[in-house]
Each structure stands twice: as structure tokens, then as C-alpha cells.
Amino acid sequence: MAALHSGTAAGSRLADIYRRPAPMDDAEVALAARLVEEAGGRRWAEHEAAKPVGARQSRATRSRPPPRSPRGLLTLAELITHRDR
């Protein structure tokens, strides 16, 4: 959604692809993924995903003694929100 409403040329091209009634072929899917990236959609999603992770990390860091389970969950959350595929 952020990419579609980014006000960028990539966002406009992405909106055009989504308006088409026919299903996307493999080339159009690849193009749409690239346009999401160019329009800032991935950057926005990573930023939004990091917000609750950062808040939980802050609370887990302040707890005494540092719990082991939350650390593992925080590590998993970091891996999920910063993955490249």
C-alpha cells in the first residue's frame, strides 16, 4: 500500500499493473516486485516491522535478570524483519 501511494513514478507504474484485469505473468510479477522496492514499499515495511520489535527489545533489556526466552524471540524477530528474501 505504501508503494502504491508513494507519489513516485514506480508507484504509478505499479498501480497500472494492479489495475489490469488479467492475472500477472512471471515477468509482471518480477516487475511489480522491483517497482515496490523502487517506490519505497520494502523500506516502509521494514520500518513498520521494526517498531514493535524495538519496543519489546527495550522492555526485555530492562528486565532483571535478563530472560533467555525473550532473547531468542527477539533474535527471531530481528531475522524475520531484516531478511532479504
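Here the shortest heavy-atom pairing between Ala39 and Gly11 reads CB-N, 3.8 Å. Of all the heavy atoms in Ala3 and Ser6, the pair that sits closest is O-OG, 2.9 Å.
In summary, Arg13 and Glu38 do not engage in a salt bridge, as defined by a charged side-chain N under 4.0 Å from a carboxylate O.
Atom CD of Glu28 is separated from atom CG of Asp25 by 4.0 Å, given to the nearest 0.5 angstrom.
Residue Arg34 qualifies as enclosed at atom CZ: its count of foreign heavy atoms under 6.0 Å is above 12. Atom CG of Asp26 sits in a sparse spot, with 12 or fewer heavy atoms from other residues, nucleotides or ligands closer than 6.0 Å.
In the hydrophobic clustering (ILVMFWY side chains linked at under 4.5 Å, chained through shared members), Leu35 is joined by Leu4, Leu14, Ile17, Tyr18, Met24, Val29, Leu31, Val36.
A donor-acceptor pair is defined here as one N or O able to donate and one able to accept, closer than 3.5 Å; no such pair exists between the side chain of Glu48 and the backbone of Ala45.
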